[in-house]
Amino acid sequence: MLRWVGPIVLVTLLLGSGFVVASGPARATSGAPALAHLPALSGPPSARASHLAEMPDSASAPQSAVKSLKVGSAPAAEVYDPLNGYVYVSNSEGTTVTILNGTGVVTTTDIGYDSLPYQMTVDTRNGWVYAVHTLDIADGYNVSVINGTLVTKVIPVGIEPSAIAYDNATGLVYVADYGSNQVTIINQTRVVATLGVGQTPDAITVDPANGFVYVANNGSDNVSVIQDLLVFHSVIVGLNPAALGYDAGTGDMYAVDAGSDDVTVLQGTSSLATVAVGEEPFGATYDPSNGDVYVPNMDSGNVSVLNGTQVLGSVGVGGGPTSATYEPSNGYMLITSAFARSVSLLNTTSVLATIGVGTEPVRSVFNPSNGWAYVVNQGSNNVSVILYMGAYAVTVQEAGILHAGTSWSVDVNGTQNSSYMTSLVLWEPNGSYLLTSFPVNGYYVPNAIPFQVDGAPITETLNYVLVTYLITFTESGLATGTSWNITFDGVTEQTTSGTLQLITYTEPNGSYPYTIGGVLAYKRESPAGTIIVSGGPQTKNVLFAYAPEQFLVTFAETGLIAGTSWNVTFNGTAASSATPTISFTIGNGSFSYSVAAVTGYTASPISSLAKVNGGQLRVSIQFNSTGVGSTSTSSSNILGLPPIAWAGILGAIVVVAVIGVVVWKRQSKPPTGPTDETDGYVTGAGPEP
């Protein structure tokens, strides 16, 4: 995804003017969302340009080839050093600067301090490169000075330096300190002044005609003007000025107001006009060949073309245009489009060509020593070098990749190119080439393809096939000729091939379960497991030991009254039990068994074979009552007793109850005298007469 990258470098290097300008990283401000808040670039680009788009047929469009150079993490900016011809690339997610020469990487220089290097400028008198440390809380905020490939000095500056510019007339370097609302001024390696400006200064550049230094203050909506180490004026502009661009033809300065979608045109310390442009303008670059100024509008996907204070028109380009760079070798303006993964070549208001580059191209710089353009691809951690020359389209088609939208890559004589589409177009001059491919999601192309470019476009096809690897099972420990088997990923295979026996499979990357079949009289070290195939062949040795394995064979009965004794004879061994189970241990094989008779019951089965094959076995025996001499539980029994038994029990209970009543009544009568036999009542006796 796009990473903490701000308004793009406005004028990279004006030939003859002798100064370099740069702007700082965008931050979340009202009306001007930072580029880091844009949607991430992920997955196949359905409506975007392919990674390498075919250039349109145009007699005036320069043909080009693109070479990719790997750099550090999230490259964000680059500068060209005219003294050594190097291109310096800052890697914003780390501590390094990558140095390029032509189409090669010279070295990667660590500037230290957990710096997150971002903006850079060049002292054209001595060739020194100044790189700001945007995040250096532990050791303070600094600017590193790189001489050639070595860091020779680290200079403390204000909080969170965001932009830097060099004044060729005075030799001074100006650093906008976003977090401390100031500008630090450096003379070679010494800080000579610190000036307070507006809120959150985010861009800085120099007017070589009058020597003014302009500072865009993103948080206070104004531009501070510096001369002779003093801030002598402030100009109100639009909302959230985030970039500055100088028109060498008129001497005007353009303040790009990202929050109000316009450009304020300044002349000296006066505001000439406010010109409406597209949504979220991201920079302003002067074209000396026609006097126009180009303003990329990131949210509206176009470029506004201005001449003075007049809008000549707008040009639609790829999604998310973020920078414009003038290329004096051909007089065109190169526009980077972050969301389209492409750059567009503009001639006034016409798009001459669209060239595919890496992921999230955010900036570019022109190298006058070789006439090539260097495009920073922040999302793919590389730089695309656009080589303008007589070249022809080489269309590479892929066939055999099963998943639509899969990214695939090829290498042509050391240059890597990628695509999400079914084809990509390379631009190559006449010559002999070797086309190789990289494996994709388990697929590969078996052979490299040589091809020849000879004054005409050609097409080559890559036929991808599934990558498979050999999986081999070997055994040790079995006697010669012993049969053994494996069930691998649901398929069973068996062999009896000699003392060292093999079973082989061919499978792509993945995880595969297997089970080793049991072998009579042998014990397996590991009966089951999983083979993981990950980019190479796999071999598994299966160990057998002659030590017949013993497994539990359990006979379980149902139907007998608890406590009833029963008997099983298994493989010639008899055993009895008054519990529901009888158990034996034995090795693999088929063994006969029989169940002894139990009075009043029949057993089912009464005899059969029990097959033991590498695991425990349970045999169920069902006893059913015959109803003769049986003590079994019938369907008419109550709580295990027949009805006649319950009748006797109930009768006994009744007798006991009657006796109990009689006893109780006798015990409850009062003492008695003579009995009146006439009425049956007991009466008390009086005295005799």
Side-chain angles (χ1 to χ4, degrees), residues 475 477-479 482-488 490 492 494 513-530 542-649:
E475 72 79 13
L478 293 178
T482 301
S483 176
W484 63 290
N485 67 82
I486 294 176
T487 300
F488 178 80
T492 301
Q494 181 171 305
Y514 67 87
T515 302
I516 310 298
V519 178
L520 185 62
Y522 287 88
K523 182 178 182 180
R524 299 157 296 177
E525 181 187 49
S526 178
T530 301
V542 180
L543 298 178
F544 290 91
Y546 186 76
E549 295 179 83
Q550 299 291 306
F551 302 99
L552 187 66
V553 178
T554 301
F555 292 85
E557 67 82 10
T558 56
L560 293 179
I561 295 176
T564 302
S565 179
W566 61 294
N567 180 280
V568 174
T569 300
F570 175 67
N571 194 34
T573 301
S576 61
S577 177
T579 67
T581 60
I582 299 174
S583 297
F584 302 85
T585 56
I586 201 167
N588 288 323
S590 295
F591 307 96
S592 63
Y593 68 87
S594 61
V595 181
V598 177
T599 302
Y601 294 89
T602 59
S604 178
I606 193 170
S607 63
S608 186
L609 289 177
K611 296 181 180 180
V612 180
N613 184 22
Q616 296 182 9
L617 180 65
R618 186 179 180 89
V619 180
S620 297
I621 306 296
Q622 176 67 46
F623 284 93
N624 296 303
S625 174
T626 62
V628 179
S630 170
T631 57
S632 66
T633 302
S634 69
S635 60
S636 61
N637 287 352
I638 302 174
L639 297 178
L641 297 177
I644 188 169
W646 280 109
I649 293 171

Any chance you could measure Phe555, atom CZ, to Ile621, atom CD1, to the nearest 0.5 Å? 6.5 Å

Please walk me through it: do Thr515 and Phe488 pass side-chain contact (heavy atoms from CB on, under 4.5 Å)? CA-CA 7 Å; Thr515 302; Phe488 178 80; over 6 Å; no

From Glu475 CD over to Ile486 CD1, what is the distance, rounded to the nearest 0.5 angstrom? 9.5 Å

Using the benzene-type ring in the case of Trp, are the ring centres of Phe570 and Phe584 under 6.0 Å apart? yes

Heavy atoms, side chains only, cut-off 4.5 Å: are Phe544 and Arg524 in contact? yes

List, one per line, each side-chain donor-acceptor pair under 3.5 Å for residues 604-613, sequence neighbours excluded.
none

Within this structure, what is the OH-CD1 distance for the pair Tyr522 and Ile516, rounded to the nearest 0.5 Å? 16.0 Å

Ala596: partners by side-chain contact (heavy atoms from CB on, under 4.5 Å), with sequence neighbours left out: Asn567

Criterion side chain to side chain contact (heavy atoms under 4.5 Å, CB included) against Leu617, the qualifying member of Val553, Ile586, Thr554: Val553

To the closest 0.5 Å, what do you measure between CD (Glu525) and CG (Leu543)? 4.0 Å

Do Thr581 and Glu557 pair up side chain to side chain, a donor and an acceptor below 3.5 Å, judged on atom types alone? no

Gln494 to Ser483 - nearest heavy-atom pair and separation: NE2-OG, 2.7 Å

Minimum side-chain heavy-atom gap Trp566-Leu560 below 4.5 Å: yes

Quick one, Asn588 and Phe551 - any side-chain contact, counting heavy atoms below 4.5 Å? yes

Parallel under 30°, tilted from 30 to 60°, perpendicular over 60°: which one fits the rings of Tyr601 and Phe623? perpendicular

Looking only at heavy atoms, what is the nearest atom pair of Arg618 and Ala556, with distance? NH2-CB, 3.3 Å

Between Ser565 and Val598 the two heavy atoms that sit nearest each other are O-CG2, 4.0 Å

How long is the gap from CZ on Phe591 to OG1 on Thr573, to the nearest 0.5 Å? 10.5 Å

Quick check: closest heavy atoms across Thr530 and Tyr514, and the distance to 0.1 Å? N-CE2, 3.4 Å

With rounding to the nearest 0.5 Å, note down the distance linking CG in Asn624 to OG1 in Thr602. 5.0 Å

